[in-house]
Amino acid sequence: MINSINFTDKDRQYKTVFFETFGCQMNKLDAELSLGLLQEEGYKIVDTVDGADVILFNTCSVRQHAEDKVYSHLGALKALKKKRPEVIVGVLGCMAQKDGESIFKRMPHVDLVCGTRMFSRLPELLLNIKNHGSHVIAIDEDHIVNVKRAVTYRPNFYQAFVTVIRGCDNFCSYCIVPYVRGREISRTIPDIKEEVQALVSSGCKEITLLGQNINTYGKGLNGNITLGDLLSDLNDLDGIERIRFVTSHPADMSRDLIRTMSRLEKVCKHLHIPAQSGSDLILNKMKRGYTAGYYRDLISYARELIPHISVASDFIVGFPGETDEDFQETVQLMEDIRFQNCFIFKYSPRTGTKAAELEDDVTDEMKRARNMRLLELQKGISLEENKKLIGRVVEVLAEGASKSDSNKLTGRTRQNHIVVFHGSREFVGKLVNVLIHEVTDLTLYGTLT
Ligand code: SAH
Ligand code: SF4
Ligand code: F3S
């Protein structure tokens, strides 16, 4: 293990890094934090592999498809590495944690494997490769991530993500995350407040708190701290306009937290709270710790207290043993709840998880058909719900130019709708009112009022 290294001026020479991230928002944020650290060491970020001295992938293991993608990207670098052997290729994140040394066997041209808790040591790991050669591995499971964030580096100036709890103790039977991200560790409120304060001082208006299972925030900290306490404290900070938090777990989402949400004006009235299935049998096999009835009651309670709250979900189709009847119950739940939007995934067995011991008996064709059915159903619901907003004025935080039309701006409502509207750059970073006149299932279109 490399301990303290004194960087010399030569080490700080001009270097370029290409970085690509796969997976969830927390992985994206870890990439952002890593890039911030590298920038502080003098690295320049480039957006093609051709001109890069260092090529890094922050990887995801949640489904087989996510891993296949990374291995194919890595395979494609073989030729480049032959031409320019001095280039450093690194695999970071969840797949690095999971596959460890075996990545070097499968892809000998990879120089670095760096797990989910070691990215704060990237600068010294890269230096180690430069000075001592390839095949460096850092996947220490006990290492605690502690990064002094470079607040000047972030993709969107007015909006930032902040990790408040790392890891997951839930062990849903299908999920690899607890194995690759480790046990839950919450950051203290003062630590989080300091980071949020620095972001706000540098111009940030909206903060999204991140956790794989954010409702258990505070577990293990002194003094019975809860997510509600953190939200209340952040709500009092001057300069911050909006606070969001993801991802909620139905079994850990307390009614107390819903009440806290309802009274804090800066907390956005939006919940991403994956149901995963509408069948109690499947939910039980998934080890989710709740029934569909419990989920319905929880959402009803939230809607009673916060009438305009928007609710988003994830679903897995084709879990082992899922029958037509089970699937029909998922369809029913989707029809009844009327989510704002949903992410739908085909079950993918992950070696090492409990569910991987069950036979993956739903055919791929059936998984695809069920996936399509839910996507179509949700698309119809989203469109119908969005149509209700035509003629209404919504508050949007203008984030920047729209990708599809650079003459227009894009941003989000407090309920997390994406809005595209006519407006000039002077509005970027401001909260503006937009009159909605047209919608699709995914986007609202309007004009400034
Ligand atoms: N609680 C986490 C969930 C991470 S995984 C969070 O913070 O987002 C995101 C979603 O991937 C899960 O909600 C689940 O719907 C899906 N998923 C997880 N494991 C899966 C698997 N083995 N196959 C298919 N989908 C899976
Ligand atoms: Fe995975 Fe379940 Fe933890 Fe989410 S709560 S990360 S689905 S084990
Ligand atoms: Fe993937 Fe790791 Fe996130 S497995 S979903 S990148 S926690």
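Read the numbers this way: they start at 1 and go in the same order the structure lists the ligands and their atoms.
Scanning T353, D314, L210, N170 for the heavy atom closest to atom 10 (C) of ligand 1 points to D314. Among C94, A66, G23, the residue whose heavy atom lies closest to atom 2 (Fe) of ligand 3 is C94.
By the neighbour-count criterion of 12 heavy atoms within 6.0 Å, atom NZ of K346 is densely surrounded, having more than that number from other residues, nucleotides or ligands. Within a 6.0 Å radius of CG in N224, no more than 12 heavy atoms belonging to other residues, nucleotides or ligands are found.
Here the heavy atom of the protein found nearest to atom 16 (C) of ligand 1 is R63 NH1, 3.3 Å. Closest to atom 15 (O) of ligand 1, if we only count protein heavy atoms, is Q276 OE1, 2.7 Å. For atom 22 (N) of ligand 1, the closest non-hydrogen atom on the protein side is S348 O, 2.8 Å. Of all protein heavy atoms, the one lying nearest to atom 7 (S) of ligand 2 is Y174 OH, 3.4 Å. Among protein heavy atoms, atom 4 (S) of ligand 3 sits closest to S61 N, 3.3 Å.
Heavy atoms of R288 come nearer than 4.0 angstrom to ligand 2 in at least one pair. Put simply, part of Q212 is less than 4.0 Å from ligand 3, judged by heavy atoms. Residue contacts with ligand 1 include G211, since one or more of its heavy atoms lies under 4.0 Å from the ligand.
At a 4.0 Å heavy-atom cut-off, ligand 1 touches V62 through backbone and side chain alike. Contacts between K346 and ligand 1, counted as non-hydrogen atom pairs separated by less than 4.0 Å, involve the backbone only. Neither the backbone nor the side chain of M26 has a heavy atom within less than 4.0 Å of ligand 3. When heavy-atom distances to ligand 1 are checked against a 4.0 Å cut-off, Q212 comes that close through both its backbone and its side chain. When heavy-atom distances to ligand 1 are checked against a 4.0 Å cut-off, Y174 comes that close through both its backbone and its side chain.
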Test side-chain contact (heavy atoms from CB on, under 4.5 Å) on Q212 and I165; report intermediate values, then the result.
CA-CA 7 Å; Q212 297 300 341; I165 174 169; over 6 Å; no
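By the 4.0 Å N-to-carboxylate-O rule, R166 lies too far from E184 to be salt-bridged with it. Note on D111 versus K81: salt bridge recorded, some NZ/NE/NH1/NH2 to OD/OE distance being below 4.0 Å. Remark: K285 does not engage E322 in a salt bridge, criterion side-chain N to carboxylate O under 4.0 Å. Between D256 and R259 there is a salt bridge, with a side-chain nitrogen of the basic residue lying less than 4.0 Å from a carboxylate oxygen of the acidic one. Using a 4.0 Å cut-off between charged side-chain N and carboxylate O, D326 and R370 make no salt bridge. Ion pairing of R338 with E385 is present here, as a side-chain N (NZ or NE/NH1/NH2) and a carboxylate O approach within less than 4.0 Å. Taking the charged nitrogens against the carboxylate oxygens, E399 and K205 have no contact shorter than 4.0 Å, which rules out a salt bridge. By the 4.0 Å N-to-carboxylate-O rule, K15 lies too far from D53 to be salt-bridged with it. Residues K98 and E67 are paired through a salt bridge, judged by an N-O separation under 4.0 Å between the basic side chain and the carboxylate.
For ligand 1 and Y347, the ligand atoms under 4.0 Å from any heavy atom of the residue are 23 (N), 24 (C). Interface of N27 with ligand 3, defined as ligand atoms under 4.0 Å from a residue heavy atom, comprises 6 (S). Applying the 4.0 Å criterion to heavy atoms of T247 picks out, from ligand 1, the atoms 6 (C), 7 (O), 8 (O). Set against the non-hydrogen atoms of R350, the atoms of ligand 1 under 4.0 Å away are 22 (N). Counting atoms of ligand 3 from 1 in the listed order, those under 4.0 Å from a heavy atom of C24 are 3 (Fe), 5 (S), 6 (S), 7 (S).
For atom 3 (Fe) of ligand 2, protein N, O or S atoms under 2.8 Å: 1 in total.
Side chains of V362 and Y347 form no contact here, defined as non-hydrogen atoms less than 4.5 Å apart.
In summary, C60 places no N/O/S atom under 2.8 Å from atom 3 (Fe) of ligand 3, failing the contact criterion.
When atom types are taken as modelled, the side chain of Q25 and the backbone of L210 share no donor-acceptor pair closer than 3.5 angstrom.
Note on ring orientation: taking the six-membered ring where Trp is involved, the planes of F104 and H135 are parallel (angle under 30°, cut-offs 30° and 60°). Ring geometry for F343 against H272 counts as tilted: the plane angle lies between 30° and 60°, on a 0 to 90° scale.
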